[in-house]
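We count ligands from 1, going down the list as the structure has it; atoms in each ligand are counted the same way.
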Amino acid sequence: MAVSRGEWSSKTGFILAAAGSAIGLGNIWRFPYVVGENGGGAFVLMYIVFVIAIGLPYMLAELALGRSVQSNPVGSIHAIRPGSAWKSAGYLGVLTGVGILSFYGVIAGWTVGYIYKMMIGEAGGFGEFISDPWLVSFLFALFLCITALIVHGGISNGIERWSKILMPVFFILLIGLIIYTITLDGAAKGLTFYLKPDFSKITGRTALAALGQAFFSLSLGMGLMITYGSYVSKKENLISSAVYIAFFDTLIAIMAGLIIFPALFAMGKSPAAGPTLVFVVFPELFASMPGGFVVGIFFFILLSVAALTSTISLLEVPVAFMVDQHKVNRKSIVWIVAFVTFIIGLPSALSQGASDLFSNFGWLPERLSSPDFLSHMSFIFGDFSLGFGALLLSIFIGWIWGADKAAAELTLGAEKFTLTKKAWMIMIRFLIPLIIFVILLNLFGIFG
Ligand code: PFF
């Protein structure tokens, strides 16, 4: 059915691309502020439990379906239940890809702007920066163009080679920054907030936030892992690949927190600052270090690259869908999807002060989202859609396709999986859909 389906050149190539998708703004920008808003250590602990107990086994399900049927989310469901309504779960994934890209690309644009700000030695002025309508729109468009250019030219080669060099550099830079911030005066308070769980801070809302963050960070719930899994060879071990992806993704997020929270408390700032946290704290940190702006330039370049490997994957899902299902030319559809995303994303770009209407949009109740349009999009697509999509896909894979078929697919290249097969089947059929369902219900206040 597919026009031309490739295969990853190697297991490392696949892990790199999938980890590249997973590691991004979600780890460095989103994770710390969500931790800050949800009270710190207890949230971090709950997050780790969700990654291991739900995210990882769920990721295996998406990968198994993708590799077995070798198609995009819509095509994969169609191949198993032609003509059924289940296909809408695939469409939801495609839509979610565009929805996330429309606000994610805006923030990715900011990171590029900050490379320049670091070059001219300017740490402050975040408020003016994000409320400049032309500047943010330009940076957003620029980021979408770079993303489209790479997806347009076929993905793997350039970006895989880049990631192999840049990701380790990023890692080393993060370690350096951790060492610096935990030796600052007052850092200990930050570490306590970040690492010492206070269970009284756990509520339904924080549980949803932790699950939403786990799915967002691991790139789950919209069929990305179905799409990327469709390019994996039958000889590869999907289990160990998934463990690597989840491990590195979580490690980078935890490391980001180890930089941010000690620095925050040392500077006497509140951890609940929300989405602007990273863009305010990191530059101030660099400004306070000798030679810090050079470190800052590197940091924002690498953060842009991390965001780029994620935007590529976000664009790839709708593009793969159009290429596979509608037989359109990849090269032109890439630009069309990018353009549509730009239009959908403009209100988000203008919602941080540039436009009154979008900055105080307020369609969603305050307990769900801040009033600005970008936060609305982030809640609808980044939290709710991923959770809902994962609910549908886990039921589809566990019950309609069949957990036994999925498990058989996972055993290819991973014979030892037979030992844990039964447990995994129970999880994907019962535990995972149930937990996601309860958390979604809770979101609408069903439990008061
Ligand atoms: N996982 C990415 C991040 O943490 O930045 C964001 C993302 C990419 C979410 C791809 C979903 C997705 F399919």
Side-chain angles (χ1 to χ4, degrees), residues 15-35 47 50-51 55-56 58-59 62-63 66 72-73 89-90 92-111 143-144 147 150-151 155 159 163 167 170 209-230 242 245-257 275 278 302-321 337 341 377-390 393:
I15 293 177
L16 246 126
S21 167
I23 298 168
L25 297 172
N27 306 62
I28 313 284
W29 160 74
R30 203 177 195 259
F31 180 75
Y33 90 72
V34 179
V35 172
Y47 175 78
F50 277 158
V51 167
L56 189 59
Y58 172 82
M59 186 192 293
E62 276 200 22
L63 288 173
N72 65 81
L92 179 68
V94 172
L95 186 74
T96 306
V98 175
I100 293 180
L101 186 56
S102 81
F103 73 85
Y104 195 95
V106 172
I107 297 151
W110 299 349
T111 64
F143 210 92
L144 282 178
T147 306
I150 294 169
V151 178
I155 324 137
I159 199 74
S163 312
M167 282 322 219
F170 193 43
L211 189 71
Q213 175 61 23
F215 277 85
F216 185 86
S217 192
L218 295 168
S219 301
L220 302 177
M222 52 164 268
L224 183 270
M225 291 296 171
I226 298 180
T227 309
Y228 273 22
S230 74
I245 297 162
F247 175 75
F248 283 117
D249 185 61
T250 308
L251 183 66
I252 300 279
I254 302 284
M255 285 169 73
V278 165
L302 294 167
L303 186 55
S304 304
V305 173
L308 184 62
T309 50
S310 301
T311 53
I312 287 167
S313 71
L314 287 163
L315 184 59
E316 177 62 16
V317 172
V319 166
F321 159 71
V337 178
T341 309
M377 293 297 274
S378 166
F379 175 77
I380 294 170
F381 291 105
D383 279 309
F384 177 73
S385 275
L386 290 182
F388 189 56
L393 287 172

How many angstroms lie between CG in L218 and CE in M59, if you round to the nearest 0.5 Å? 4.5 Å

Per the under 4.0 Å non-hydrogen criterion, ligand 1 touches S21, A22, G24, L25, G26, N27, Y104, F216, S217, S219, M222, L224, S310, S313, L314

Geometric class of the F103/F216 ring pair [parallel <30°, tilted 30-60°, perpendicular >60°]: parallel

So with a 6.0 Å cut-off around CZ of F379, is the heavy-atom count from everything else above 12? yes

Please find the pair of heavy atoms, one from T250 and one from Y47, that lie closest to each other, and give the distance. CG2-CE2, 4.3 Å

Any donor-acceptor pair under 3.5 Å linking the side chain of S21 with the backbone of S310? no

Rounded to the nearest 0.5 Å, how far apart are CG of L386 and CD1 of I100? 4.0 Å

